[in-house]
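So the structure is just underneath, and the comments pick up after that.
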Amino acid sequence: MSEKLKVAILGGTGMVGQRFIALLENHPWFEVHTIAASPRSAGKTYEQAIGDRWKLEVPMPEAVKNIVVKDVSDVENVAADVDFCFSAVDMSKDEIKKIEEAYAKTETPVVSNNSAHRWTPDVPMIIPEINPEHAEVIEAQKKRLGTTNGFIAVKPNCSIQSYAPVLYSWKEFEPTKAVVSTYQAISGAGKTFKDWPEMNGNIIPFISGEEEKSEKEPLRIYGHVAGDHIEPATTPLITSQCIRVPVLYGHTATVFVDFAKKPSKEELIERMVSYKGEPQKLELPSAPKQFIQYLEEDNRPQVALDVNFERGFGISIGRLREDSVFDYKFVGLSHNTVRGAAGGAVLCAELLKAKGYIHAK
């Protein structure tokens, strides 16, 4: 146990924080050492701080129940005994930027689920299977922050996971534009049906900020390191609509796509299912063996059947077919709190450890 890296969960009482804690139970490389949250939770054991607000389908790990929660704003104290942090704090964007940089400046790397730093030029936003090389910009970030080891890395928005990796697996055919509609689970808002009963049998056709993220974040991921910043790609052009639906876990996307070099359906399926990235090559602990699966049945993927593919770290695609207006269309599904949130950050941290960016203090 002592050989594992010691982790702090910043914002550990919220839904994503809880998912971090569940995913890190028995993790071979990392152990939860410190949990930090708001002042109202500080000083209580984690079990006391959560009370009846444990939101996950799996039980709270025994190992964390008696950890005394610290005040997340007491940066030096929280960072003192840990090797790095996962961030899932619930604050304003400016407050998140400030506190994550404060942790980084204590020489404690921060792997964040939050959106605050996704467009900070020298902060890498990583889907480990797609753009692991973006970690190279961390050296420029360290110079700006004046750190030797401390930095911030982020994972992208949960809504893009069900289509951005697929479009990337088809890059040789040069996707030029895509129309995307996402149907997003209520847990993406940190809610359950108990918290949000008005979502039962309801659809809300607006999620604040989500459409801009769905259109712009894939381009930053498809971009390249240009000295001290990430230069976003310019294609494909993406337009989106994002809708909240009465599902607990799982973001579904319907996608229409045009290509500069039109492929066959068979070529598209082959590129998807054979695609592997660094996590698969390095055999990282959380890496799905099959990153993207293709389902032949007309009624798949379904949330009820497919959201937990590869423990929630895989992506499920179906209904790929030619379209009468665009070249092709398909349906994608990803687990929004595993691949899309905490799990994506855990996989990112595993990659950063394997590449030497995260290590014991």
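One-based numbering along the sequence shown.
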Judged by modelled atom types alone, do E129 and Q280 share a side-chain donor-acceptor pair under 3.5 Å? yes
Does the side chain of S214 pick up a donor-acceptor pair with the side chain of S159 at under 3.5 Å? yes
Aromatic ring proximity, centroids under 6.0 angstrom, F84 and F30: yes
Closest approach of P61 and A22, non-hydrogen atoms and distance? CG-CA, 4.3 Å
Would you call E172-K261 a salt bridge at under 4.0 Å N-O? no
NZ/K65: more than 12 non-hydrogen atoms of other groups inside 6.0 Å: yes
Between T108 and K361, do the side chains contain a donor N or O and an acceptor N or O under 3.5 Å apart? yes
Within the 3.5 Å criterion, strictly below it, is a donor on N66 or T45 matched to an acceptor on the partner's side chain? no
Donor-acceptor pair between E107 and T147 side chains, under 3.5 angstrom: no
Output yes when a side-chain donor or acceptor of E174 lies under 3.5 Å from a complementary backbone atom of A260, and no otherwise. no
E198 CD: over 12 foreign heavy atoms closer than 6.0 Å: yes
Which word best sums up how the rings of F20 and F86 line up, parallel for under 30°, tilted for 30 to 60°, or perpendicular for over 60°? parallel
Establish, from distance only, whether the side-chain atoms of S334 and R339 form a donor-acceptor pair under 3.5 Å. no
On a heavy-atom basis, which atom in V137 and which in G227 lie closest, and how many Å separate them? CG2-O, 4.1 Å
Aromatic ring proximity, centroids under 6.0 angstrom, F330 and W170: yes
With no hydrogens and no angle check, do the side chains of H27 and E350 hold a donor and an acceptor under 3.5 Å apart? yes
Heavy-atom neighbours of D90 CG exceed 12 at 6.0 Å: no
Counting only heavy atoms not in R53, do more than 12 sit closer than 6.0 Å to its CZ atom? yes
A quick test of your reading: do over 12 heavy atoms of other residues, nucleotides or ligands sit less than 6.0 Å from NZ of K55? yes
Working for salt bridge (Lys or Arg N to Asp or Glu O under 4.0 Å), residues K142 and E139: CA-CA 5 Å; K142 288 177 182 176; E139 296 308 320; 3.6 Å; yes
If you count heavy atoms of other groups shown closer than 6.0 angstrom to CG of N299, is the number above 12? yes
Quick check: are there more than 12 heavy atoms from other residues, nucleotides or ligands sitting under 6.0 Å from CD of E212? no
Does any donor atom in the side chain of H33 or E31 lie under 3.5 Å from an acceptor atom in the other side chain? no
Would you say the side-chain atoms of S92 and D94 include a donor-acceptor pair closer than 3.5 Å? no
Distance only, no hydrogens: is a donor on one side chain within 3.5 Å (strictly under) of an acceptor on the other, for S316 and Q293? yes
Presence of salt bridge, E57 and R19, under 4.0 angstrom: yes
Exercise: identify the closest heavy-atom pair between S162 and L333: CB-N, 3.7 Å
Mark yes or no for whether E310, through its side chain, and Q290, through its backbone, hold a donor-acceptor pair below 3.5 Å. yes
If you look at every heavy atom in V72 and Y103, which pair is closest and at what distance? O-OH, 2.7 Å
Looking only at atom types and distance, does a side-chain atom of Y46 sit under 3.5 Å from a main-chain N or O of G12, one as donor and one as acceptor? yes
D83/K6 ion pair, N-O < 4.0 Å: no
When you compare the side chains of Q184 and E210, does any donor N or O come within less than 3.5 Å of an acceptor on the partner? yes
Would you find more than 12 non-hydrogen atoms of other residues, nucleotides or ligands less than 6.0 Å from K262 atom NZ? yes
Are F291 and I126 grouped together when hydrophobic residues (ILVMFWY) are joined by side-chain heavy atoms under 4.5 angstrom apart? no
Considering non-hydrogen atoms only, spot the tightest contact between V123 and A153 and give its length. CG1-CA, 4.2 Å
Could you list the residues that satisfy salt bridge (charged side-chain N to carboxylate O under 4.0 Å, His left out) with D306, not counting sequence neighbours? R300
Does Y222 use its side chain to pair, donor to acceptor, with the backbone of A164 at less than 3.5 Å? yes
Tell me whether the rings of F256 and F326 are parallel (<30°), tilted (30 to 60°) or perpendicular (>60°). tilted
Checking R144 against D122 for the salt bridge (Lys or Arg N to Asp or Glu O under 4.0 Å) test, could you report, in this order, the C-alpha distance in whole Å, the side-chain angles of both residues, the deciding distance, and whether it holds? CA-CA 9 Å; R144 175 175 63 84; D122 58 12; 2.6 Å; yes
